[in-house]
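Written below as structure tokens is the structure these notes are about.
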Amino acid sequence: MLFFSYFKDLVGREVTVELKNDLAIRGTLHSVDQYLNIKLENTRVVDQDKYPHMLSVRNCFIRGSVVRYVQLPPEGVDIEILHDATRREARGG
């Protein structure tokens, strides 16, 4: 639940999602659920030469189990909130 809570705070910000098949998609985070399924809007593929068939995709839903990484905007990372949440998770509450 730690990551779910954190990602909910990033709704409306631009993120890059790298999938396990090496496809990287950049877009505005529209929603995320408890399984870390992600819905992006205004998407664009990072490597357009490698994935030209993805140029027309503007909105997408990404199943959480196929996500390798989520790159966050630097201003979206609040280290203190992450430290506090991690400590709470470690204590079990």
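No hydrogens, no waters, no symmetry mates; every other heavy atom, side chains included, goes into these values. Since this is a predicted model, take the numbers as computed values, not measurements.
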Going through the checks in order, is the salt bridge (Lys or Arg N to Asp or Glu O under 4.0 Å) test met by Arg68 and Asp22?
CA-CA 8 Å; Arg68 181 181 294 150; Asp22 294 326; 2.7 Å; yes
Report yes if the side chains of [X] and [Y] come closer than 4.5 Å at any heavy-atom pair, otherwise no.
X     : Y     : value
Ile25 : Thr16 : no
Phe61 : Ile38 : no
Leu29 : Val17 : no

Set out, in order, the CA-CA distance, both residues' side-chain angles and the distance that settles side chain to side chain contact (heavy atoms under 4.5 Å, CB included) for Val70 and Phe7, then state yes or no.
CA-CA 10 Å; Val70 177; Phe7 281 118; 3.7 Å; yes
Donor-acceptor under 3.5 Å (Asn42 side chain, Gly27 main chain)
no
Mind checking the OG-CG spacing from Ser65 to Asn37? Nearest 0.5 Å is all I need.
7.5 Å
In Å and rounded to the nearest 0.5 Å, what is the CZ to CD distance from Arg26 to Glu18?
11.5 Å
Which pairs count as side-chain hydrogen bond (donor to acceptor under 3.5 Å, both in side chains) when at least one residue sits in residues 43-56, sequence neighbours excluded?
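Every pair satisfying side-chain hydrogen bond (donor to acceptor under 3.5 Å, both in side chains) with a residue in residues 43-56: Glu14-Arg44.
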Find out if a path of hydrophobic residues (ILVMFWY) with successive side-chain heavy-atom gaps under 4.5 Å connects Val67 to Val32.
yes
Tell me whether Val66 is reachable from Val15 by hopping between hydrophobic residues (I, L, V, M, F, W, Y) whose side-chain heavy atoms are closer than 4.5 Å.
yes
What heavy-atom pair brings Met54 and Leu23 nearest, and what distance separates the two atoms?
CE-CD2, 4.0 Å
Among Thr28, Asn59, Ile62, side-chain contact (heavy atoms from CB on, under 4.5 Å) partner for Leu40
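By the side-chain contact (heavy atoms from CB on, under 4.5 Å) criterion, Leu40 pairs with just one of Thr28, Asn59, Ile62: Ile62.
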